[in-house]
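See structure below.
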Amino acid sequence: MKRKDLFLLLLCALCACSSSSDDRSKDMTMPEISGKGIIPTPENCQAFGLGDTIRFHYIFTDDRELGSFNIEIHNNFDHHTHSTSAVECIMEPAKQPVRPWVYNKDQRIPKGQRFHEALFDIVVPKDVDPGDYHFMIRLTDQAGWQQLKSVSIKLVDF
Amino acid sequence: MTTFILAAALMVCTSAVNEPQMWPDTAVVLDDVTVTDRRQLDFQMHSSQSSVQVSHDYLQRNYSGSLMQTLQGIPGVKAMSIGSGQSKPMIRGLGFNRMAVSEDGIKHEGQQWGDDHGLEIDQFAVERAEIIKGPSALLYGSDAIGGVLNLYSRHIPDCGFEGSVQIIGRSVNDQTGISARIGGLKGKMFYNANMTWLDYSDYRIPSDSIQYYSYYIKLKDRRLRNTAGRERDGSVMLGYAGYRFHTDLRVSDSYSRSGFFANAHGLEVRLSDIDYDRSARDIDLPYQWVNHLKVLSHTSWQMDMFTLEASLAYQNNLREELSEPVSHGYMPKPDGTLERRFLKDTYTANISLNILSVECHELRIGANAEYQKNRQSGWGFIIPSFETLQDGLYITDSYAVHDGLKLNAGVRLDHANTHIHSYRDWFKTPQEQGDSIYVERSSELRRPFNSITWSAGINRRFARWLIKANAGKSYRIPIPKELGADGINYHIFRYERGNPSLDPEESYQLDLGITYESDRLTLQFDPYVNYFPNYIYLNPTATYVEGLQLYHYSQAKVFRWGLEAQMTLNLSTHWEAEVSAEYLYARQLSGPKRGYTLPFSTPWSAQAGLCYTFKGGFAGLNAHMVGDMNEIVPPEKTTPGHWTLNLQAGKQLKAGKNAVKVLFQANNLLNVRYYDHTSYYRLIDVPEPGRNLTLMIALDF
């Protein structure tokens with residue numbers, strides 16, 4: 001009988017371990033990329049001229065604390081498509097890149113923010129290949145959750 | 001109690017791992033003769049660690065696409081699937097380099113670190129298996145933290161000539177396969193040879209499309225595009241089995257080639273010009289192929305008071321991963337399709353001396369040495385080339401105080417040296433100041449590691465009860481990816497950065513095992529607690545590097561506990577019911593993800609089954625339930641629970657002097673659409689295979 005008691009005790013100890021261990025509330029939600037209250041740009045299928053500026057305007061929110069965001073632009077001349085939008089844009093015929101535009105910008109969001117309005121201009125170089133591009137928006141929160149948004153844009157040589 | 005039995009009877013059953021075997025086979029005959037009705041107790045008395053024996057019969061009855069999927073029904077064991085024909089082993093929630101796989105006593109060395117790399121072992125060549133759940137560094141050295149999967153392919157034929165042929169068909173991926181084996185004994189010399197040939201097409205899932213982010217991927221004929229594959233294995237063994245001296249040499253080769261789901265390689269959704277739908281059997285890009293060659297020699301010399309054993313092995317693991325080249329960031333579009341290539345050579349030597357002394361002590365002294373050389377190439381960089389030399393020395397003692405009490409203890413010393421090579425990009429990256437450069441992704445690193453591990457346990461048997469306890473420390477040296485990675489993992493589209501200052505990972509575990517066995521009832525209950533002072537964790541950070549989220553290796557305190565429980569009830573001479581369940585809890589107690597669980601944590605699961613045995617045959621129905629998984633850590637997704645119904649039946653027929661076994665399985669009978677939390681494809685929302693019928697015909701001659 002004694003031994004049975006010992007096992008019960010051990011079992012209880014095991015259960016106690018689980019309930020007493022660190023269980024402070026964790027961040028279990030992903031940050032969000034939205035256009036709430038603004039007119040977000042760029043939007044899917046939007047066209048820009050070479051040498052023009054792309055206005056970037058989006059709202060980033062998180063329930064705890066935002067982390068960083070990244071804007072990356074690369075060509076979609078091979079139609080590899082990773083759109084997160086239900087709308088499909090009309091694409092130019094597939095082609096080989098000659099001088100494709102590569103843009104990559106990481107930015108840390110100031111500490112402690114749960115709401116961040118990102119607004120800045122990106123200049124499109126004059127001497128790059130026009131055509132279909134992907135405009136990728138990546139956003140993290142402090143916990144390491146990541147949200148993605150992919151927008152298809154078109155660069156036009158006016 | 002009666003309600004419990006009733007509930008068990010109403011639910012349905014899986015065949016017990018340790019149940020008496022129905023068909024004659026070398027290992028079985030002995031069992032049937034010597035063992036009366038306390039098989040489980042006798043087996044559990046051997047070691048103070050929690051372990052499970054898996055017979056050849058169990059492997060046949062539960063045959064599945066890969067060895068680990070076959071073993072999945074064992075409480076505490078899990079397969080992390082990569083499509084329908086490959087999977088990685090996991091014991092009590094620990095996989096990758098946190099558990100060891102050994103074949104005939106030699107640690108199997110492939111590219112265990114990769115989440116899309118399977119086991120590369122012919123499951124038809126496996127005679128029997130043993131699963132040790134818990135720290136096993138003492139005999140196996142680094143890596144055996146979560147446990148060890150011991151596979152035994154060595155087999156001494158009973159007669160002049162024997163053989164078997166197995167033919168397999170599976171419906172979910174149109175798999176067809178044949179495996180044949182011959183063996184013979186002449187005087188004291190013996191030989192064995194086996195060959196396996198498997199082909200399968202894209203597997204079916206109970207869904208017309210996959211939704212990942214807001215991207216819809218339509219599927220043709222409900223098949224997961226480009227997941228077809230093939231496997232070719234063979235082995236030859238020659239040996240001498242004398243009264244005191246035994247030696248054998250086995251050469252085996254395992255080759256497999258399998259496709260990755262075409263529309264989302266890693267986490268990126270991709271469209272391609274390849275016409276994947278022209279055939280469900282072809283393997284297009286992206287795909288992987290791997291060849292594992294193993295030469296293994298084993299010698300033992302048995303005297304009255306001692307046994308001397310020596311094993312030597314050479315392993316060559318060659319893997320290529322091919323995909324359509326794409327530009328990314330400053331990397332231009334590569335010329336070829338070879339994304340990654342790994343060539344690993346491993347040389348292993350084990351020697352051990354068992355001394356039986358008069359005082360009921362069994363002393364074992366042993367040494368292991370292992371040298372690994374890994375070379376990488378291809379346009380995608382993930383791990384640097386490296387060499388590692390490890391050597392260990394151990395001593396264990398097992399003391400049988402009396403029939404019902406056994407004590408054991410052991411200690412081990414290990415030393416390892418890792419040399420990581422420098423790696424630079426093959427393309428230039430513009431710098432803020434100065435010219436573009438070939439960025440160095442991994443810098444030259446030489447690090448020594450030392451470790452002391454130990455284990456101690458007690459087994460106590462009282463009539464029908466057996467209680468055992470084991471405490472042990474295990475460790476593993478950080479792998480080169482953890483120390484030296486610094487680049488984009490194109491498979492998962494993230495930036496991974498190693499940490500050259502990582503310490504060897506240590507783990508302390510306390511295991512208990514309680515067994516009860518009577519004529520009608522067998523109970524097995526295995527709880528454990530486990531603590532890591534410095535678990536090596538790939539932490540997703542809030543930072544971006546080169547456009548991708550940075551994952552950085554860090555170390556955290558981790559606490560885990562869990563249990564497995566199993567009950568087998570012989571209702572009558574024909575009917576047997578079985579229920580089993582497992583649960584695992586994990587928490588990070590420090591570090592950036594304090595409060596979170598560990599990646600790939602397994603949800604609770606339970607099985608209930610009922611089995612009917614008749615002359616030369618059996619039929620069983622089994623329900624498998626898996627709980628919701630809401631304990632996740634970025635970037636995982638919560639996974640809802642599910643349950644599936646499975647059927648198994650078999651019959652042995654006589655064909656002249658030979659025996660023919662016909663085995664049938666129906667998995668996921670109700671064609672339930674569900675997700676497996678630890679599947680490679682979980683992150684892109686690919687459900688698990690639908691209804692699957694398996695037929696195996698085995699002829700022994």
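Proteins come first, then strands; the chains are lettered A, B, ... in the order of their sequence lines, and each starts at number 1. Just the heavy atoms: all of them, side chains too, but no hydrogens, waters or symmetry mates, feed the values below.
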Handout entry: Pick from B/Ile632, B/Leu550, B/Thr638 with the largest number of heavy-atom pairs that fall under 4.5 Å of chain A
Key =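 Answer, by heavy-atom pair count under 4.5 Å with chain A: B/Ile632.
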
Within 6.0 angstrom of [X] [atom1], more than 12 heavy atoms from elsewhere:
{"X": "A/Glu32", "atom1": "CD", "value": "no"}
{"X": "A/Lys154", "atom1": "NZ", "value": "yes"}
{"X": "A/Asp127", "atom1": "CG", "value": "yes"}

Handout entry: chain B contact residues among residues 93-112 of chain A, heavy-atom distance under 4.5 Å
Key =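 Interface residues of residues 93-112 of chain A: A/Gln96, A/Val102, A/Asn104, A/Asp106, A/Arg108.
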
Problem - residues 59-70 of chain A: residues contacting chain B (heavy atom under 4.5 Å, by number) - result: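 The residues closer than 4.5 Å to chain B, in numerical order, are A/Gly67, A/Ser68, A/Phe69, A/Asn70.
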
Practice task
Against chain A, label B/Thr543 side chain, backbone, both or neither, depending on which of its atoms sit under 4.5 Å from a heavy atom there.
Solution key: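 Backbone plus side chain of B/Thr543, per the 4.5 Å heavy-atom cut-off to chain A.
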
Exercise for the section: Identify which part of B/Asn539 has an atom lying under 4.5 Å from any heavy atom of chain A, answering side chain, backbone, both or neither. Expected result: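 Neither part.
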
Problem - For A/Thr140 against B/Ala542, the heavy-atom pair lying closest together - result: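 Nearest pair, atom of A/Thr140 first, then B/Ala542: OG1-O, 2.6 Å.
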
Handout entry: Under 3.5 Å donor-acceptor, B/Tyr596 side chain and A/Asp27 backbone
Key =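 Present.
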
Practice task
State whether the side chain of A/Arg138 and the backbone N or O of B/Leu548 hold a donor-acceptor pair below 3.5 Å, judged by distance alone.
Solution key: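 Not a single qualifying donor-acceptor pair exists.
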
Practice task
State the NZ-CZ distance between B/Lys333 and A/Phe77, to the nearest 0.5 angstrom.
Solution key: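 Going from NZ on B/Lys333 over to CZ on A/Phe77, the span is 12.0 Å.
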
Handout entry: Approximate separation, where rounding is to 0.5 Å, of B/Glu631 CD and A/Met28 CE
Key =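 Between B/Glu631 CD and A/Met28 CE, I get 6.0 Å after rounding to 0.5 Å.
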
Exercise for the section: Establish, from distance only, whether the side-chain atoms of A/Gln146 and B/Tyr544 form a donor-acceptor pair under 3.5 Å. Expected result: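 Result is yes, a qualifying pair exists.
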
Handout entry: Min side-chain heavy-atom separation B/Val633-A/Lys26 under 4.5 Å
Key =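 No, their side chains stay 4.5 Å or more apart.
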
Exercise for the section: Side chain from CB out, backbone as N, CA, C, O: work out which of these in A/Glu72 comes under 4.5 Å of a heavy atom of chain B, or both, or neither. Expected result: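 Side chain of A/Glu72 only, per the 4.5 Å heavy-atom cut-off to chain B.
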
